[in-house]
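Written below as structure tokens is the structure these notes are about.
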2 protein chains.
Amino acid sequence: MAKNAPASRPAITTNVVVFTLRDDKLKLLLVRRRKDPFKDMWALPGGAVRPNEDLDDSAKRELEVSTGLSGVYLEQLYTFGAPGRDPRERVISVAYYALVPTERLHLPTASDTQAVGWFALDELPALAFDHAEMAGVAHQRLSAKLAYSTIALQFMPEKFTLSELQNVYELILNEKLDKRNFRKRVRALDQIDQTDEVRRNGSHRPARLYRVTNPGEVQIIR
Amino acid sequence: MAKNAPASRPAITTNVVVFTLRDDKLKLLLVRRRKDPFKDMWALPGGAVRPNEDLDDSAKRELEVSTGLSGVYLEQLYTFGAPGRDPRERVISVAYYALVPTERLHLPTASDTQAVGWFALDELPALAFDHAEMAGVAHQRLSAKLAYSTIALQFMPEKFTLSELQNVYELILNEKLDKRNFRKRVRALDQIDQTDEVRRNGSHRPARLYRVTNPGEVQIIR
DNA sequence: GCAAAAGTGTTCCAGATACACCCATGT
DNA sequence: ACATGGGTGTATCTGGAACACTTTTGC
């Protein structure tokens with residue numbers, strides 16, 4: 001059955017739920033499987049943990065392979081290990097989730113055409129294995145964390161407007177927020193700095209640009 | 001080196017951080033190791049996941065073996081997999097934490113003398129492997145969860161007084177709370193029912209006994 | 001001059017905090 | 001009668017929510 005496995009030892013993999021914001025939607029990255037089982041179905045990026053590789057490093061590597069990116073926010077999510085979740089043999093999957101600023105994704109990150117794609121969370125195709133559950137748990141965690149941390153800043157590019165930041169919150173929470181209250185609150189966090197630049201963007205008043213004070217740092221608030 | 005392991009497949013274990021409240025302290029359960037490595041040191045209960053056993057089931061079993069208990073609150077915590085965390089061979093450990101009401105622990109749960117013990121969190125002995133880190137992460141999670149869930153009720157026996165419940169909060173948070181505010185808040189949760197019994201307990205007014213409305217259920221609040 | 005997004009403060013309300021005294025019992 | 005923990009209500013504070021108009025630009 002399994003290639004080189006004694007039945008007594010499950011295989012270990014990491015999977016990564018990669019979130020980004022595109023086209024005014026919260027999307028995640030899927031790869032198309034090229035082998036059985038679930039051949040040609042969409043799945044979360046992931047793969048075997050190497051013999052001497054830390055779990056975090058394995059997730060980082062999977063992220064790097066599928067997106068070309070490193071240095072983005074990455075956090076362990078949950079470990080899935082039900083017998084039978086892989087039809088071939090027992091596999092324990094340590095799931096992570098990552099947040100990437102859209103601007104850093106120049107290419108559609110196709111190692112070959114149609115092998116990867118970004119899908120809106122509410123329009124996911126059927127997923128291989130228990131990956132739909134992983135994606136669900138990741139989304140839950142992200143939404144929850146939005147409320148009590150500065151995690152949303154991880155989606156922002158180097159410079160951004162407050163309207164753009166508000167949009168990020170609105171997309172993830174899936175509700176409209178009050179502009180004045182939002183600005184008051186987000187400025188009170190003391191995690192963004194005003195620059196002296198503005199962005200001209202259509203026939204209306206230019207927007208002031210801001211910058212994250214401590215990029216890569218996620219603070220617990222409230 | 002390793003007994004029956006191909007270097008390509010790490011071993012999988014679960015470990016459980018078992019919390020209880022005793023002698024007005026938050027304590028956790030440790031077992032003394034009888035074999036190398038770390039022979040005679042204290043460690044978290046745990047052991048290998050069986051070939052066809054779900055991770056949750058493995059943790060439940062370890063809990064049952066070390067405490068004789070089942071049906072208590074148990075939640076996956078984090079997965080530890082750094083190479084070298086076990087000196088013999090690569091081991092991935094899925095850590096859980098559990099909360100047990102003290103009353104359910106009649107025996108000191110000794111399968112043999114001195115093999116297990118309860119230790120206050122601020123008086124832990126040196127622990128084997130990376131178990132000190134596990135315990136730390138578990139305590140953090142527990143404290144955090146106290147603030148936004150009804151998890152503290154999991155420590156309560158069948159019937160309890162509000163003073164006892166307040167004591168639980170004070171021990172875990174490590175700060176004094178206002179009696180009137182505490183009672184107002186905890187009653188507003190609508191998760192405890194007044195019984196018509198009282199407990200006579202020394203030379204003072206008897207305390208009303210309460211009961212958890214939905215035992216085993218932990219609600220997210222606020 | 002008009003359309004379109006940027007920007008700005010104040011009032012109101014609810015939930016958290018601070019706080020002190022009487023009650024029922026055992027000795 | 002006194003020591004001990006059980007039990008109760010109100011005033012205040014604070015942070016969140018609601019809410020509308022002016023500004024700057026491109027066309």
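Everything numeric here is computed off the predicted structure, so don't read it as measured data. No hydrogens, no waters, no symmetry mates; every other heavy atom, side chains included, goes into these values. Within every chain, numbering begins at 1; the chains are lettered A, B, ... in the order of the sequence lines, protein sequences first and strands thereafter.
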> When you look at B:Lys176 and B:Phe182, which way does the side chain to side chain contact (heavy atoms under 4.5 Å, CB included) test go after all the steps?
Replying inline: CA-CA 10 Å; B:Lys176 283 281 167 201; B:Phe182 178 80; over 6 Å; no
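The side chain to side chain donor-acceptor pair (under 3.5 Å) test applied to A:Arg85 returns A:Ser93, A:Asp130, not counting sequence neighbours.
With hydrogens and angles disregarded, a donor-acceptor distance shorter than 3.5 Å links the side chain of B:Thr213 to the backbone of B:Gln191. Remark: side-chain polar atoms of B:Arg33 are not paired, donor with acceptor, to backbone N or O of B:Ala128 under 3.5 angstrom.
Atom-to-atom, CG of B:Leu177 to P of C:dA16 comes out at 13 Å; the value is rounded to the nearest Å. Between the CZ atom of B:Arg183 and the C1' atom of C:dA16 there is a distance of 18 Å, rounded to whole Å.
Counted by atom type alone, A:Glu217 and A:Gln219 present one or more donor-acceptor pairs between their side chains at under 3.5 Å. A donor-acceptor contact closer than 3.5 angstrom links the side chains of B:Glu75 and B:Tyr97.
A 4.5 Å side-chain heavy-atom check between A:Phe155 and A:Ile172 finds at least one atom pair inside the cut-off.
Electrostatic pairing of B:Arg208 and B:Glu197 does not count as a salt bridge here, judged by no charged N lying under 4.0 Å from a carboxylate O.
Note on A:Thr161: nothing from the nucleic acid sits closer than 4.0 angstrom, heavy atoms only. Residue A:Arg199 is out of contact with every strand shown, counting any heavy-atom pair closer than 4.0 Å.
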> In B/S/- notation, 5' to 3', how is nucleotides 18-27 of chain C contacted by protein heavy atoms closer than 4.0 Å?
Replying inline: BBB--BBBB-
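Nucleotides of DNA chain D that come within less than 4.0 Å of any heavy atom of chain A span, from the 5' end to the 3' end, D:dA17 to D:dG26.
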